[in-house]
Amino acid sequence: MTDLVANIRARLSPLLEEAEGALERRARQYPDLVAKGRMQEKVAADEIRIWTAIVADWRRVVSGRGDKGDGATVREKIAILTDAVGRYDTAMASEIRNAGERVQRDCAMGADLYMLRVLHGAKVDGIADIHQRRARIEDLAEHYRWELPGHTGIYAGIDDYLAFHQQIRADRQQRKAA
C-alpha cells in the first residue's frame with residue numbers, strides 16, 4: 001500500500017528546497033549589502049529570521065520531525081513570501097525582455113510555457129525556471145494563508161492537511177486488517 005503522507009511529503013519537498021535556497025541566498029548576500037550600506041541591518045536580520053522560520057516549518061512538514069518555525073508569525077511569513085513573488089515577477093519581466101522580440105511577442109499574446117518551449121526551445125529555459133520558482137513561493141504563501149483566521153478552505157493549515165491524510169491512511173489500514 002502506498003503511504004499517502006510520505007507521498008504528500010515528497011510532493012512538498014520542492015517547496016522546502018525553494019525555501020532553503022531563498023534562505024541560503026539571503027544569508028550569503030545580505031551581509032555584503034549591509035556592509036555596503038545598500039540594506040539596513042534590521043531589514044536583513046528580519047528577512048533571515050522569517051526565512052529561517054519558513055525553512056523550519058517545511059523541514060518539519062517534509063521530514064515529519066522538528067519544531068514549527070515559531071520565530072515569525074504567519075502574517076510575517078505571508079508578507080515575506082508575497083514580497084518574494086514580486087521579486088520573481090520583476091525577474092520574469094527582465095528575462096522576457098532579454099529573450100528577444102519573438103519571445104516577447106509570444107508572451108504578450110499569452111503563450112503558456114508549453115507553447116513557449118515548442119516555439120523557442122531552450123531559449124526560454126530562464127523564463128521557465130523563474131516561473132517554476134515563483135510558483136513554489138506562491139504555493140508556500142497559500143499554505144500559510146490556510147492558517148489565517150477566517151480561511152474558508154478545507155484545511156486549517158498544513159498540519160491539518162497532513163493529519164487528514166494520516167487519518168485516511170489509518171482508516172485504510174483498519175479496513176484492510178478487518
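What's counted below: heavy atoms across the whole structure, side chains too, no hydrogens, waters or symmetry copies.
- The only member of L116, V124, D112 that meets side-chain contact (heavy atoms from CB on, under 4.5 Å) when paired with C107 is L116.
- Using a distance-only test at 3.5 Å, with no hydrogens or angles considered, no donor-acceptor pair links the side chain of S94 to the main chain of A91.
- Counting heavy atoms of neighbouring residues, nucleotides and ligands inside a 6.0 Å radius, atom NE2 of H120 exceeds 12 of them.
- No more than 12 heavy atoms of other residues, nucleotides or ligands shown are found within 6.0 angstrom of CZ on R65.
- Hydrophobic clustering (ILVMFWY, side-chain heavy atoms < 4.5 Å, transitive): V43 and W51 are in one cluster.
- The closest side-chain heavy-atom distance from Y144 to E147 is below 4.5 Å.
- If you take CG on L12 and CG on L140, they are separated by 9.0 Å, rounding to the nearest 0.5 Å.
- Among all heavy-atom pairs drawn from A10 and P14, the shortest one is O-CD, 3.6 Å.
- Here the side chains of I137 and R87 are not in contact, with every heavy-atom distance at 4.5 Å or above.
- Taken to the nearest 0.5 Å, the CE atom of M39 stands 4.5 Å off from the CD atom of E47.
- Within the model, atoms CD1 of I48 and CD of Q29 stand 10.0 Å from one another, a figure rounded to the nearest 0.5 Å.
- I78 contributes atom CD1, which lies 8.5 Å from atom OG1 of T73 (distance to the nearest 0.5 angstrom).
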Criterion salt bridge (charged side-chain N to carboxylate O under 4.0 Å, His left out) on E95 and R134, from CA distance to verdict:
CA-CA 13 Å; E95 192 72 23; R134 182 199 183 281; over 6 Å; no
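- Between the NZ atom in K68 and the CH2 atom in W58 there is a gap of 11.0 Å [rounded to 0.5 Å].
- Using a 4.5 Å cut-off on side-chain heavy atoms (C-beta onward), L148 and V74 make contact.
- At a threshold of 4.5 Å between non-hydrogen side-chain atoms, the residues V61 and L16 do not count as touching.
- Across E138 and V85, no two heavy atoms sit closer than the pair OE1-CG2, 3.5 Å.
- Counting heavy-atom neighbours within 6.0 Å of E24 CD, excluding the residue itself, gives a total above 12.
- Counting all heavy atoms, side chain and backbone alike, S13 lies closest to V62 at CA-CG2, 3.7 Å.
- Using a 4.0 Å cut-off between charged nitrogen and carboxylate oxygen, R133 and D129 count as a salt-bridge pair.
- Across E18, E17, E142, a single residue satisfies salt bridge (charged side-chain N to carboxylate O under 4.0 Å, His left out) together with R136, and that is E18.
- The local environment of CG in D67 is sparse, with at most 12 non-hydrogen atoms from other residues, nucleotides or ligands closer than 6.0 Å.
- L113 is not listed as a side-chain neighbour of R117, based on a closest heavy-atom distance of 4.5 Å or more.
- Remark: of the listed residues D70, D83, D57, D46, D57 is the sole one forming a salt bridge (charged side-chain N to carboxylate O under 4.0 Å, His left out) with K77.
- With a 4.5 Å cut-off on side-chain heavy atoms, R11 and N7 do not count as touching.
- Within 6.0 Å of CZ in R28 there are more than 12 heavy atoms belonging to other residues, nucleotides or ligands.
- The environment of CZ in R75 is sparse: at most 12 heavy-atom neighbours from other residues, nucleotides or ligands sit within 6.0 Å.
- Rounded to the nearest 0.5 angstrom, R49 CZ and I54 CD1 are separated by 10.0 Å.
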